[in-house]
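None of these values were measured; they are calculated from a predicted model. Order of the sequence lines sets the chain letters (A, B, ...), proteins ahead of strands, with each chain counted from 1.
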Amino acid sequence: MHIDALGEISHDPLAKAGALMLVVIAGLAIFAPLLSGYSPHDYTGNIFSPPDRDHPLGTDSMGQDIWARLLYGARTSLLVAGAVALISSSLSVLVGASAALVGGLYERLCMRIIDALISLPTIIVMILVAAYLRPSLPLLILLISLFSWPGGARIIRSQVLSLKQRMHINASRTFGAGKGHIISKHIIPDLSPIICALMMQDARRAVFMEAGLAFLGVSDPTVISWGKMMNQALAFTYLDVWQWWLVPIGLALSATLIGISFLSFSLETALDPRLRREESTEESISVARLA
Amino acid sequence: MNTNNKFGPRDRPTVRASDGLASEAHPGVGMASKLAGLFPSSLVNYMIALAAIFSLNFILPRLMPGDPLQAIYGQEALVVMSDEMEAQLIRQLSLDKSWWDQLLAYVLGVLQGDLGFSYYYREQVSQVILGALPWTLLLTGLALVLATAIGLILGIESGYARGSSLDRGLVAGLMFLGGFPDFFIGILLLLIFAVSLQVLPISGATSPYAGHEGLAHIVDVLKHLALPLSSMILVQLGGIFLLARNTIVTLLEESFILAARAKGCPERCIKYAHAGRNCLLPLTTATGLRIPQLLTGALFIEIVFSYPGVGSLLNTAIDARDYPLIQGILLVITLTVLTANFLVDMLYSRLDPRVRYAH
């Protein structure tokens with residue numbers, strides 16, 4: 001099943017909207033130094049100044065330029081998203097695929113661990129670990145990845161299990177293909193759509209987790225994080241500052257999350273062979289009804 | 001036809017994506033044989049999960065470099081502790097003995113309900129958490145029931161009128177809403193209704209020093225509950241709605257719907273008694289899977305509205321680095337989640353006769 005994913009989703013308005021949001025956020029993150037004259041760590045001296053030409057979003061309670069902090073916060077979010085997506089999906093594939101291919105006691109052991117991990121309230125476990133370790137950004141990325149992979153591993157395992165039974169894999173085996181060949185030439189390419197969708201989900205969860213943990217007060221103090229900024233701003237709702245402090249940051253965070261979700265919905269629909277099959281059976285049903 | 005295809009398959013991944021295992025946990029031969037025993041096999045998973053939390057709580061502070069007592073209670077706590085208190089704690093936690101005795105002391109302590117001492121609140125951790133837990137359970141319980149009811153009704157109506165403007169509007173709107181992080185929806189509601197319009201209270205669970213009695217007290221509690229509750233419902237609604245809608249869409253193709261129509265059932269009866277009732281099964285599975293997310297979501301919402309539940313407690317505990325309290329909250333939340341999951345499993349076997357009579 002080799003599908004031209006980009007071609008398919010480029011016609012989808014949902015994917016276009018999602019991609020546009022992500023491109024804007026990524027642009028803000030990449031060109032942050034050009035878009036703001038201030039460093040996010042600068043203290044300008046006047047606190048709570050309303051938006052003006054110098055400070056597009058005013059200044060916060062410490063007199064720091066909010067626009068600059070919003071730009072650099074995007075960097076943190078996207079960095080965490082990308083890194084967690086890579087690490088977590090690799091773990092999912094590693095555990096899920098090996099469980100399905102090896103089988104036996106190893107598979108049962110893996111699935112037990114996955115089931116147990118899935119039933120835990122992950123955020124709170126992460127909070128506890130983070131509270132002890134007082135994590136830096138790389139450690140936080142590792143921590144989020146370590147708790148994000150089980151769901152994906154389950155999906156990968158069930159996919160590999162069904163792939164193993166497919167005709168073309170059997171055919172390849174009949175022609176004398178070795179395990180390595182089947183894995184690298186058949187299973188991995190067939191999995192790539194699922195892996196793509198998994199990475200999107202991991203990225204989305206990572207952005208949410210990073211912001212959420214920072215919102216709760218668990219973050220690297222030197223890192224600029226949207227969640228942390230929102231928590232700080234929430235203390236000043238009795239002033240008018242929330243209009244240019246709390247709301248824009250919340251919207252930026254939401255746009256990132258919604259952008260990823262839209263793109264991943266669209267990608268999943270375009271790529272997932274299972275959905276295509278359902279679609280075709282649906283069509284055949286309606287065709288049968290017409291006849 | 002075109003619109004049908006556009007909406008039908010697209011949002012299926014949403015459901016599968018957010019629930020991950022909903023499709024696997026769906027009733028089938030595997031599940032049925034699993035449930036053949038007295039208890040669902042998931043009980044073993046819950047035990048493993050609980051053991052994982054126990055060991056995490058036990059190992060983490062002891063892995064930290066330096067004095068274990070300092071690691072368990074935090075630097076800030078030791079400053080306010082007297083020498084006798086320290087000696088007593090060392091004796092109580094068996095810190096001067098082998099790690100095996102320490103584990104034994106820890107497990108026995110937890111089993112007796114001793115979660116340690118919160119130096120910030122100067123009270124037993126179990127007491128502090130018990131004071132906050134009812135508010136959290138009230139909030140999450142109501143949110144769960146209301147979100148499920150509203151999501152189910154909207155989903156049935158929308159799936160029944162698939163492709164109509166109502167359907168498309170609801171799908172697009174709720175999908176968009178589902179993209180927002182929970183605490184930002186809470187913040188938006190707070191800004192609109194409590195800060196700008198000032199129609200509802202901004203924080204807390206009751207008006208302080210108002211001394212309301214009887215009905216006035218209930219109204220006061222409900223008023224404070226309104227905003228956090230609506231934010232939680234809004235966050236949960238999308239997933240429940242999409243699941244109910246997609247289930248209805250596939251159910252409407254089934255022959256029992258055709259049979260009901262043929263014998264002249266009124267539309268409302270087909271919608272709710274035939275199609276709607278069959279929605280309950282996947283919905284129950286999804287609810288079980290959503291419980292951890294629901295509880296952690298409640299923690300964020302509570303912090304936004306300073307609602308005096310476990311979430312606000314956790315926030316205070318993190319700020320004060322009150323480690324025993326954080327550990328206690330972790331343990332209590334995990335226990336709540338696992339118990340709820342277990343209840344859902346039991347409910348599931350009650351709801352689906354195929355599971356009950358499998359053997």
Side-chain angles (χ1 to χ4, degrees), chain A residues 12 14 112-113 115-125 127-129 131-133 151-152 154-155 158 197 201 207-208 211-212 215-218 227 230-231 234 237-238 242-243 246-247 250-251 253-254 257-262 264-266 268-269 272 275-276 278-279 282-283 285-286, chain B residues 1 4-5 8-14 16-17 20-21 24 42 44-46 48-49 52-53 56-57 60-61 63-64 71 175-176 178-181 183-184 187-188 190-191 194-195 202 253 289 292-293 295-296 299-300 303-304 314-315 318-319 321 323 326-327 329-330 333-334 337-338 341:
Chain A
D12 187 356
L14 201 64
R112 273 276 176 255
I113 295 173
D115 284 341
L117 279 178
I118 283 176
S119 51
L120 287 180
T122 337
I123 285 207
I124 309 182
V125 181
I127 290 171
L128 181 78
V129 179
Y132 276 106
L133 303 181
R154 241 184 120 108
I155 297 172
S158 64
Q201 269 172 46
V207 171
F208 177 77
F215 183 77
L216 286 171
V218 178
M230 286 170 77
N231 194 9
L234 198 59
T237 45
Y238 51 87
W242 55 266
Q243 292 163 9
L246 191 50
V247 172
L251 288 179
L253 176 63
S254 307
L257 291 173
I258 292 174
I260 302 178
S261 320
F262 278 10
S264 90
F265 289 150
S266 173
E268 258 184 277
T269 319
D272 193 333
L275 287 171
R276 301 184 141 252
E278 275 175 39
E279 203 172 350
E282 246 176 40
E283 261 163 20
I285 287 170
S286 44
Chain B
M1 186 64 220
N4 281 3
N5 261 344
R10 167 166 307 142
D11 29 25
R12 232 163 256 150
T14 338
R16 211 194 49 238
L21 13 156
E24 272 197 39
S42 47
V44 183
N45 294 337
Y46 301 156
I48 297 176
I53 295 297
L56 198 66
N57 270 350
L60 211 50
L63 273 184
M64 303 310 287
M175 225 164 86
F176 187 67
F180 285 93
F183 53 94
F184 189 57
I187 288 174
L188 282 182
L190 176 97
L191 291 177
V195 174
I202 189 164
E253 317 244 312
L289 295 167
Q293 193 199 336
L295 264 173
T296 42
L299 303 185
F300 286 108
I303 293 169
V304 170
L314 184 65
N315 200 20
I318 292 173
D319 284 347
R321 301 237 167 245
Y323 291 117
I326 306 181
Q327 287 199 348
I329 291 173
L330 173 68
I333 295 273
T334 313
V337 166
L338 296 182
N341 276 337

B:Phe184: partners by ring-ring contact (aromatic ring centres under 6.0 Å, His included), with sequence neighbours left out: none
Set of residues satisfying side-chain contact (heavy atoms from CB on, under 4.5 Å) with respect to B:Val195, sequence neighbours excluded: A:Thr237, A:Trp242, B:Leu191, B:Ile202
Under 4.5 Å from any heavy atom of chain A, what part of [X] do you find: side chain, backbone, both or neither?
{"X": "B:Thr334", "result": "both"}
{"X": "B:Leu330", "result": "both"}
{"X": "B:Phe180", "result": "both"}
{"X": "B:Ile326", "result": "both"}

Where is the tightest heavy-atom contact between [X] and [Y], given as atom of each residue plus distance?
{"X": "A:Leu216", "Y": "B:Asn315", "value": "O-OD1, 3.5 Å"}
{"X": "B:Tyr46", "Y": "B:Leu338", "value": "O-CD1, 3.4 Å"}
{"X": "A:Val125", "Y": "B:Leu56", "value": "CG1-CD2, 3.4 Å"}

Among the listed options A:Leu133, A:Leu257, A:Thr122, A:Val207, the residue most often paired with chain B at heavy-atom distances under 4.5 Å: A:Leu257
Pick from A:Val218, A:Leu117, A:Val129 with the largest number of heavy-atom pairs that fall under 4.5 Å of chain B: A:Val129
Chain A: which of [options] shares the most heavy-atom pairs with it under 4.5 Å?
{"options": "B:Asn341, B:Leu299, B:Val304, B:Leu295", "answer": "B:Val304"}
{"options": "B:Leu314, B:Ile187, B:Val337", "answer": "B:Ile187"}
{"options": "B:Ala49, B:Pro292, B:Ala194", "answer": "B:Ala49"}

Contacting region of A:Leu251 [heavy-atom separation from chain B under 4.5 Å]: both
Heavy-atom proximity to chain B below 4.5 Å, by part of A:Val247: both
Side chain to side chain, A:Phe208 and A:Ile260, heavy atoms closer than 4.5 Å: no
Side chain proximity check, A:Asn231 to B:Phe183, heavy atoms < 4.5 angstrom: no
Gap separating the CD1 atom of A:Ile124 from the CD1 atom of B:Ile329, nearest 0.5 angstrom: 8.0 Å
